[in-house]
Amino acid sequence: MTKPFYITTPIFYVNAEPHIGHTYTSVITDTIARYHRLAGEDTFYLTGTDEHGDKISQAAEAKGQSTQAFADHIAGIFRSTWDELDFSYDRFIRTTEPAHIETVQHILQKVYDAGDIELREYSGQYCVGCERFLTDRDLDEEGRCKDHEKPPEERKETNYFFLMSRYTDWLAEHIEKNPGFIRPAGYAKEVLSMLRSDNGLEDLCISRPKERLQWGIPLPFDTDYVCYVWFDALINYLTGINYPDDPQFEERWSNVEHIIGKDILKPHGVFWPTILKAAGLPIYQHLNVHGFWNVDNRKVSKSLGNMISPLVMRERYGFECFRYFLLREMSFGRDASFSEEALVTRVNADLSKNLGNLESRCIKMLGRFREGIVPEPGAATELEKDLEALVKRIPITVDEQMRNMEPHRALASVFELVDATNKYIDQRAPWKLAKETDNAESMELLDKTLYSVCEMLRVISLLLAPFLPETASRILERLGLAGALEKAVLPQDAQAWGGLPVGNPTQTGDPLFPRLEMPAAEDAN
Ligand code: MSP
């Protein structure tokens with residue numbers, strides 16, 4: 001283990017059950033975390049639930065439940081769903097945990113002592129969906145919240161304000177001087193335009209009077225108020241690695257990557273760095289912002305009933321097929337459209353036809369022609385040298401793409417290896433060579449071909465492991481390399497041509513990806 005790597009998902013509101021958007025955020029985080037673990041980094045992946053605020057207490061009330069019971073129930077669903085989907089998180093944090101409450105109060109006190117929190121009277125347009133007062137740019141032409149398409153409520157209150165505007169120039173300068181701090185670049189531009197807008201940055205109301213809202217963390221310097229839910233929620237990233245007591249805190253924190261969806265850019269791109277600055281803490285390494293999934297070209301919403309449950313997708317298609325589609329179809333940062341037809345088409349083309357056929361052709365031929373035992377490769381010819389060159393290059397490209405937060409491109413790079421191997425098999429036509437048993441040269445070429453194809457499969461599996469962990473393990477097992485992932489180090493083990501031991505026993509198995517049927521019209525979504 002070398003340097004620490006710390007990655008976070010947003011923490012999920014407990015007012016809805018896990019859907020495609022939550023799943024995408026988690027699939028990306030899980031994939032990146034798995035990559036860094038395989039790269040030998042001391043990786044910590046944090047996820048959890050965001051449980052305070054008006055929105056949650058209103059949802060509980062609507063169900064006729066106590067807020068705590070309601071939050072416990074939905075937090076439990078998130079946790080068990082993520083467990084069923086085998087997300088490799090290291091900690092599941094809940095903002096109602098005593099440890100988190102303590103951390104929030106600690107930070108609030110620090111910022112208050114630094115003179116960056118002030119009591120003021122305020123009136124404004126409050127959106128319960130966003131859990132914040134809106135500015136003009138958050139409203140559409142009809143004066144409704146752009147995100148929630150609902151008119152905000154007019155609210156007047158005496159509240160505590162975080163003097164965020166003090167940090168406008170500092171933050172703008174930091175973003176300008178550090179390209180990639182917020183990525184992809186379009187989102188950095190968006191944050192800059194929030195900072196540079198005519199009215200500039202406003203101060204942030206961070207309290208709610210207790211008489212109106214009890215479901216929150218009391219301010220340590222005035223217990224008549226509870227903390228605004230976003231101020232509370234962002235701090236989970238510190239609680240998650242035991243700020244301030246853990247001796248590893250500083251090192252981990254200096255390598256933090258946040259993954260978020262574009263709808264929560266402002267809290268993460270503006271509130272969070274300024275809170276950290278005011279609390280005297282270093283700011284994060286990168287804010288990685290993904291786009292939104294539409295389903296059948298419509299916005300995902302409860303009322304349309306098109307939320308897409310990951311467990312239903314698992315049941316229908318297998319989770320790795322769904323996971324593959326999410327990772328491959330969306331260019332990180334942009335929006336994408338989900339439909340079951342598109343999933344079936346892509347999975348059949350990429351996984352059944354390209355990858356699945358490659359694996360089954362390779363292991364079956366080895367069984368048929370060489371009793372399943374990996375043969376001697378002998379000296380490389382031009383064709384093998386081409387494969388070797390690819391194997392030297394692609395793992396480095398994948399490494400760069402993963403570190404630049406371009407998982408869709410990294411996956412496409414891995415599939416370059418799949419395509420090259422399928423092409424190599426067709427060029428060599430081992431089924432023809434196998435018939436020429438009297439020709440020693442053909443037999444040697446057959447061994448070389450079979451070895452090279454299996455070796456390519458080993459490399460492909462190592463690189464595929466962060467994306468499709470179960471598939472990668474299954475292929476490696478069939479190559480007689482069970483347990484290889486526990487020892488592997490990326491990218492170097494994927495680059496090391498010849499890693500597959502001669503004489504390894506292989507075994508055939510069921511098709512990895514049986515062709516999927518198009519959904520019947522009435523089932524679709
Ligand atoms: N609780 C806040 C985050 C606090 S982090 C300190 C929150 N929760 S959420 O449950 O509403 O959303 C969690 C994540 O799901 C966000 O990153 C959001 O962008 C993502 N998605 C929700 N719907 C989505 C799509 N339709 N598509 C892609 N991701 C979207 O926000």
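Every number for a ligand or one of its atoms is a count from 1 in the order of the listing. Predicted model, so just to flag it, every value in this text is computed and none were measured. These numbers come from the heavy atoms of this one structure, side chains and all, not from hydrogens, waters or symmetry mates.
Not a single heavy atom of K299 lies less than 4.0 angstrom from ligand 1. Residue-ligand proximity: W272 is placed with every non-hydrogen atom at 4.0 Å or more from ligand 1. Under the 4.0 angstrom criterion for non-hydrogen atoms, Y13 is in contact with ligand 1. Taking a 4.0 Å cut-off on heavy atoms, P267 fails to register as neighbouring ligand 1.
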Note to self: Apply salt bridge (Lys or Arg N to Asp or Glu O under 4.0 Å) to residues D138 and R144 and explain how you reach the verdict.
What the structure shows: CA-CA 8 Å; D138 298 315; R144 303 177 314 168; over 6 Å; no
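Side-chain contact annotation: H52 with Y228, donor-acceptor N/O pair under 3.5 Å absent. Side-chain contact, H100 with T95: no donor N or O sits under 3.5 Å from an acceptor N or O. Residues E157 and N159 have side chains that bring a donor and an acceptor to within less than 3.5 angstrom of each other.
Looking at atom 26 (N) of ligand 1, its nearest protein heavy atom turns out to be W293 O, 3.1 Å. In this structure, the protein non-hydrogen atom closest to atom 15 (O) of ligand 1 is H22 CD2, 3.7 Å. H19 CE1, 3.7 Å is the protein heavy atom nearest to atom 22 (C) of ligand 1. The protein atom (non-hydrogen) at minimum distance from atom 18 (C) of ligand 1 is D263 OD1, 3.4 Å. With respect to atom 13 (C) of ligand 1, the closest heavy atom belonging to the protein is F12 CD2, 3.5 Å. Among all non-hydrogen protein atoms, the one lying nearest atom 31 (O) of ligand 1 is I264 CG2, 3.5 Å.
In this structure, K63 is not positioned above the aromatic face of F70 in the sense of NZ or CZ being under 6.0 Å from the six-membered ring centre and within 45° of the axis.
Here atom 2 (C) of ligand 1 lies nearest to I11 when heavy atoms of T8, I11, L326 are compared. For atom 28 (C) of ligand 1, the nearest non-hydrogen atom from the set G291, G261, S301 belongs to G291.
Atoms of ligand 1 found under 4.0 Å from any heavy atom of H290, numbered from 1 in the order shown, are 28 (C), 29 (N). Shown in contact with A233 at under 4.0 Å from a heavy atom are these atoms of ligand 1, numbered in order with element: 6 (C). The contact set between ligand 1 and W230, taken as ligand atoms under 4.0 Å from a residue heavy atom, comprises 2 (C), 3 (C), 4 (C), 5 (S), 6 (C). For ligand 1, the atoms closer than 4.0 angstrom to any heavy atom of V300 are 26 (N). Every atom of ligand 1 with a heavy atom of Y237 under 4.0 Å away is listed here by number and element: 5 (S), 6 (C).
No side-chain heavy atom of R252 sits less than 4.5 Å from a side-chain heavy atom of N242.
No donor-acceptor pair under 3.5 Å is formed between the side chain of H148 and the backbone N or O of C145. A donor-acceptor distance shorter than 3.5 angstrom exists from the side chain of N306 to the backbone of S301, with no hydrogens or angles considered.
Ion pairing between R323 and D30 holds under the 4.0 Å rule for side-chain N and carboxylate O. By the 4.0 Å N-to-carboxylate-O rule, E400 lies too far from R409 to be salt-bridged with it. The pair D232-R94 does not meet the salt-bridge criterion, since no charged nitrogen lies less than 4.0 angstrom from a carboxylate oxygen. In this structure, E84 pairs ionically with R314, as a charged nitrogen and a carboxylate oxygen lie closer than 4.0 Å.
Remark: ligand 1 and Y24 share no N or O pair separated by less than 3.5 Å (distance only, no angle test). Considering backbone and side-chain atoms together, D50 places an N or O closer than 3.5 Å to an N or O of ligand 1.
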